[in-house]
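Read through the structure below, which is laid out as structure tokens, and then see the notes.
For reference, positions follow the sequence shown, starting with 1. Ligands are counted one by one from 1 in listed order, and the atoms in each one are counted from 1 as well. Keep in mind it's a predicted model, so treat the numbers as computed, not measured. Any value given below was found using the heavy atoms of this structure, including those in side chains, with hydrogens, waters and symmetry copies removed.
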Amino acid sequence: MEFGYNLRMRKLLLILLILGLLSPTMVFAQKFKNLAMTPPMGWNSWNRFGPKINEKLIEEIADAMVSTGMRDAGYRYIVIDDGWQIGRDKNGNIIVNPKKFPHGIKALADYVHFRGLKFGIYSDAGRKTCQGLPGSRGYEYQDARTYAKWGVDYLKYDWCSHGKQNSEASYKLMRDALYKAGRPIVFSICEWGITKPWLWAKDIGNLWRTTDDIQDCWDCVNEWGGMGWTLILDRQVGLEKYSGPGHWNDPDMLEVGNGGMTTGEYKAHFSMWCMLAAPLMAGNDIRNMSDDIRNILINKEVIAIDQDPLGKQGVKITDIGDYEIWVKELQGKELAVALLNRGLTPIDAVIHWKTILRRFKLENNNYKLRDLWEKKFVGATNKVFRVKIPSHSVILLRLVKTKNTD
Ligand code: GLA
């Protein structure tokens, strides 16, 4: 009796094993490895152009990525957001809007690749995108094959018209489809934080939106729940532990240079996105930007905070009204420290480094203080640091190690 049972169990196991080896869901149930090991950097059409996109614009943006020095500063992905699709043919293949993209997406991807850049596209897990265009629901494997054929390197996957769909299952389905299509594609989950993707998306995507859409303002809120960057910043507190190489919290794309804020405010926005180890997707018209804006976007020392290989999201350690101190751990026992003034009057800040260093178990080290916007050394951690933080701005420091007595 027992012998017969064992035999049956073994047979069952064997069948399960064979089925497992053959079943695409089990074989392909993973995301691509070693993608987005630092937060993805690039440009996305949405914040500045909305659905008003076309081939010429994207080509000019690709050219500008090179000529402005953005590519050399680390920006790679050119992503076309909502508005490129128009329907499906009788075989279910997605049709590209021929008026906007007369040469098709493959030719555009080639154009982008030829300039040493990578190419990204947008779709939606529901039946329709947020612009009411065809989404990928029911066509996941077919669309993934199409993207791979076109040479797509990045997919932003939205959450409009999802009806009663389960978010985790919907994003897993596209992850599996992308994997099966065989071309490594960074998978950007755009579910707006509704079902807390940080709890389930680590093995599904490379980044996930944590909130509703960013607006080009300091702290405004719009009727659809969109908000200024400081309000998005507040919602990142507590999510630090979910972010890391290959899987990032995404507080949404940059608004730097879109006209709604001052240079100082954009510097603060950019600084804090770097402190968060946020994906840095520029969202402005990089063909026509002022030197001030360009110098924000390509400040290499600031970008290095975002791109630090340790991949740690910064944490808020002090919050006194309008005055906040954020700290981001960097490789080699260094730190980035942001002193943020959210208010309308200047703040006289006094920093006693011992307390901060002790908190990160670095009290045996000495550091020089590098001001990353002024691009100069402004002191050392063995002295009290005093600085005036102007209204709506940030002092961004890197603690550069000078001596290690560990
Ligand atoms: C949603 C997303 C945005 C953008 C639009 C496109 O609102 O959150 O980032 O992709 O859809 O319609």
The atoms of ligand 1 lying under 4.0 Å from a heavy atom of Lys156, numbered in the order shown, are 3 (C), 4 (C), 9 (O), 10 (O)
Enumerated ligand 1 atoms positioned under 4.0 Å from heavy atoms of Asp158
1 (C), 2 (C), 5 (C), 10 (O), 11 (O)
Near Cys190 (heavy-atom distance under 4.0 Å), the atoms of ligand 1 are 2 (C), 8 (O)
Examine Lys368 relative to Phe377 and say whether NZ or CZ is less than 6.0 Å from the centre of the six-membered ring and inside a 45° cone about the ring axis.
yes
Compare Asp82, Asn44, Asp213, Leu133 and give the one whose heavy atom is closest to atom 3 (C) of ligand 1.
Asp213
Residue-level breakdown please: for Cys160 versus ligand 1, do any non-hydrogen atoms fall below 4.0 Å on the side chain, on the backbone, on both, or on neither?
neither
Trp159 near ligand 1 by a heavy-atom separation under 4.0 Å:
no
With heavy-atom distances below 4.0 Å as the criterion, list the atoms of ligand 1 near Arg209.
8 (O), 9 (O)
So, is the end of the Arg88 side chain (NZ or CZ) under 6.0 Å from the ring centre of Tyr139 and within 45° of the ring's axis?
yes
So is there a nitrogen or oxygen of Trp46 less than 3.5 Å from a nitrogen or oxygen in ligand 1?
no
Atoms of ligand 1 under 4.0 Å from any heavy atom of Trp192, numbered from 1 in the order shown, are 2 (C), 8 (O)
Show me the donor-acceptor pairs within less than 3.5 Å that the side chains of residues 105-114 make with the rest of the protein, sequence neighbours left out.
unit_1: Lys106; atom_1: NZ; unit_2: Asp110; atom_2: OD1; d: 3.0
unit_1: Lys106; atom_1: NZ; unit_2: Asp110; atom_2: OD2; d: 3.2
unit_1: Tyr111; atom_1: OH; unit_2: Asp63; atom_2: OD1; d: 3.0
unit_1: Tyr111; atom_1: OH; unit_2: Asp63; atom_2: OD2; d: 2.9
unit_1: Tyr111; atom_1: OH; unit_2: Arg115; atom_2: NH2; d: 3.4
unit_1: His113; atom_1: ND1; unit_2: Ala109; atom_2: O; d: 3.1
unit_1: His113; atom_1: NE2; unit_2: Gly151; atom_2: O; d: 3.3
unit_1: His113; atom_1: NE2; unit_2: Asp153; atom_2: OD2; d: 2.7

What part of Asp252, side chain, backbone, both or neither, has a heavy atom within less than 4.0 angstrom of ligand 1?
neither
Distance alone, cut at 3.5 Å: any donor-acceptor contact between the side chains of Asn258 and Asn284?
no
Strictly by modelled atom types, are Asp89 and Asn93 linked by a side-chain donor-acceptor pair under 3.5 Å?
yes
Begin from the C-alpha positions of Lys312 and Glu329 and carry the test salt bridge (Lys or Arg N to Asp or Glu O under 4.0 Å) through to its verdict.
CA-CA 6 Å; Lys312 288 251 187 171; Glu329 290 176 85; 3.7 Å; yes
Using side-chain heavy atoms (C-beta onward) and a distance below 4.5 Å, is Leu396 in contact with Asp371?
no
Note: Asp124 and Trp159 closest approach over all heavy atoms is OD2-N, 3.4 Å
Numbered atoms of ligand 1 (with element) below 4.0 Å of Asp81, judged on heavy atoms
4 (C), 6 (C), 10 (O)
Worked verdict on Trp150 versus Phe119 for ring-ring contact (aromatic ring centres under 6.0 Å, His included)
CA-CA 10 Å; Trp150 285 344; Phe119 181 75; 8.4 Å; no
Can a non-hydrogen atom of Thr129 be found less than 4.0 Å from any atom of ligand 1?
no
Within the 4.0 Å heavy-atom shell around Cys130, which atoms of ligand 1 are there?
1 (C), 11 (O), 12 (O)
